[in-house]
Amino acid sequence: MRFGTIGAGTVAEAVAGHLVAAGHAVTLSNSRGPGSLRDVVARLGPSARAAPVDEAARADMVFLTVPWPRVGDALAGLPPWDGRILVDTTNRMTEAAGVDPGAVTPSELVATLAPGARVVKAFNTLYARYIAADPRHPKGRQLLFYAGDDAAAKATFHDVADRMGFAPVDAGTLRDGGRLMQVGGPLSALHALRQDPAGEAR
């Protein structure tokens, strides 16, 4: 699979680091252009490269890692998604625990902004430093919650996350799982390990 990022901050670099360690190539992008990413690419090694956003967005699996206020601009004018997987790592930071249950979740909104993409919500429940750290621990692997409406896309993401060393857990649909995972939800900032002795050898 080809992997790309829209945004190249701490979350993108953390995810890209795990992908590179798992043997994958990653194309990173941001609004300032490839030249601004020389240091990031150098840290990640030869399997990482920088490119314009529209090129990175052509990957098979693309990670959206921009701050929430920039989501609309980041997704505007991109090539047709044609069923490619868009992993939404963003958080709508103004979200409150008592959000209107009839309101769409942030990832449902992302899906409307990226028609044709198969959206999977993931990585938003973890602080960047916990994403960057080795998810394999002596007592188990770091849980990684994800949600989505497309079963095949979720299965693909599950396999990728597993190869990165995480213990992926399906939290449900973008609507139901997204509510659990959004800021103020019960899974937000929940850092836990799955008891998995075999995880140490992965």
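Sequence positions, counted from 1, serve as the residue numbers for this chain.
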So, do Arg141 and Asp162 sit near enough that their side-chain heavy atoms are less than 4.5 Å apart? yes
dist Thr5:OG1 -> Met61:CE (nearest 0.5 Å) comes out at 13.5 Å
Might you work through the side chain to side chain contact (heavy atoms under 4.5 Å, CB included) test for Leu64 and Thr90, ending with a clear yes or no? CA-CA 7 Å; Leu64 177 65; Thr90 66; 4.1 Å; yes
Side chains of Glu13 and Thr10, donor plus acceptor under 3.5 Å: no
Ignoring hydrogens, what is the shortest heavy-atom contact between Phe145 and Met181? Give both atom names and the distance. O-CE, 3.4 Å
Hey, could you give me the CG/CZ distance between Asp149 and Arg175, rounded to the nearest 0.5 Å? 10.5 Å
Specify whether Phe166 and Phe123 have parallel, tilted or perpendicular ring planes, treating 30° as the upper limit for parallel and 60° as the lower limit for perpendicular. perpendicular
Report the residues that fulfil salt bridge (Lys or Arg N to Asp or Glu O under 4.0 Å) with Arg70, sequence neighbours left out, ordered by chain and then residue number. none
Cut-off 3.5 Å, no hydrogens considered: what does the side-chain donor-acceptor table look like for residues 183-190, sequence neighbours left out?
none

Could you check whether any side-chain heavy atom of Ile6 comes within less than 4.5 Å of a side-chain heavy atom of Val62, counting everything from C-beta outward? yes
Would you say that Leu28 contacts Val40 through its side chain, given a criterion of any heavy-atom pair below 4.5 Å between the two side chains? yes
List the residues meeting side chain to side chain donor-acceptor pair (under 3.5 Å) with Ser31, not counting sequence neighbours, and say none if there are none. none
If we only count heavy atoms from C-beta on, is the Asp159 to Thr156 side-chain gap below 4.5 Å? no
What are the two closest heavy atoms between Gly7 and Ala12, and how far apart are they? O-CB, 3.3 Å
Would you sort out whether Leu144 and Tyr130 count as a side chain to side chain contact (heavy atoms under 4.5 Å, CB included), showing the intermediate values? CA-CA 10 Å; Leu144 179 64; Tyr130 293 109; over 6 Å; no
With a 4.5 Å cut-off on side-chain heavy atoms, are Pro34 and Ser29 touching? no
For Asp134, which residues count as a salt bridge (Lys or Arg N to Asp or Glu O under 4.0 Å) partner, sequence neighbours excluded? Arg136
Please give me the minimum heavy-atom distance between Ala128 and Ala14, naming the atom from each residue. O-CB, 4.3 Å
Side chain to side chain donor-acceptor pair (under 3.5 Å) against Gln142, all qualifying residues, sequence neighbours excluded: none
Partners meeting side-chain contact (heavy atoms from CB on, under 4.5 Å) with His24 (sequence neighbours left out): Phe3, Leu19, Ala22, Arg163
Applying salt bridge (Lys or Arg N to Asp or Glu O under 4.0 Å) to Arg84 and not counting sequence neighbours gives none
Validation row: Thr125, Leu143 side chains within 4.5 angstrom (heavy atoms): no
Does a side-chain heavy-atom distance below 4.5 Å link Val71 with Val66? yes
Between Asp60 (side chain only) and Met1 (backbone N and O only), is there a donor and an acceptor less than 3.5 Å apart? no
Once side-chain hydrogen bond (donor to acceptor under 3.5 Å, both in side chains) is applied, what residue pairs with a partner in residues 113-124 remain, sequence neighbours excluded? Asp88-Lys121, Asn91-Asn124, Ser107-Lys121, Arg118-Asp150
Hydrophobic cluster membership, with links at side-chain heavy-atom distances under 4.5 Å among I/L/V/M/F/W/Y: are Val20 and Phe63 in one? yes
Which atom pair, heavy atoms only, marks the closest approach of Thr105 to Leu174? OG1-O, 3.1 Å
For a quick test of reading the model, state the closest non-hydrogen atom pair linking Asn30 to Ser36 and the distance between them. ND2-OG, 3.1 Å
To which residues is Leu193 joined in a hydrophobic cluster, defined by side-chain heavy-atom contacts under 4.5 Å among Ile, Leu, Val, Met, Phe, Trp and Tyr, whether direct or through other members? none
Residues that Tyr146 engages under ring-ring contact (aromatic ring centres under 6.0 Å, His included), provided they are two or more places apart: Phe157, His158
Can you sort out the partners of Asp170 under salt bridge (Lys or Arg N to Asp or Glu O under 4.0 Å), two or more places apart, ordered by chain and number? Lys154
Under the side chain to side chain contact (heavy atoms under 4.5 Å, CB included) rule, what do Met164 and Val160 come out as? Steps first, then yes or no, please. CA-CA 6 Å; Met164 291 166 70; Val160 169; 3.9 Å; yes
Looking at every heavy atom in both Val87 and Ala122, which two are closest together, and how far apart are they? CG1-CB, 3.9 Å
Audit row: Leu78, Val53, side chain to side chain contact (heavy atoms under 4.5 Å, CB included) steps and yes/no: CA-CA 8 Å; Leu78 295 180; Val53 175; 3.7 Å; yes
Does a side-chain heavy-atom distance below 4.5 Å link Leu86 with Val120? no
By side chain to side chain donor-acceptor pair (under 3.5 Å) - contacts of Thr27 (at least two apart): Arg49
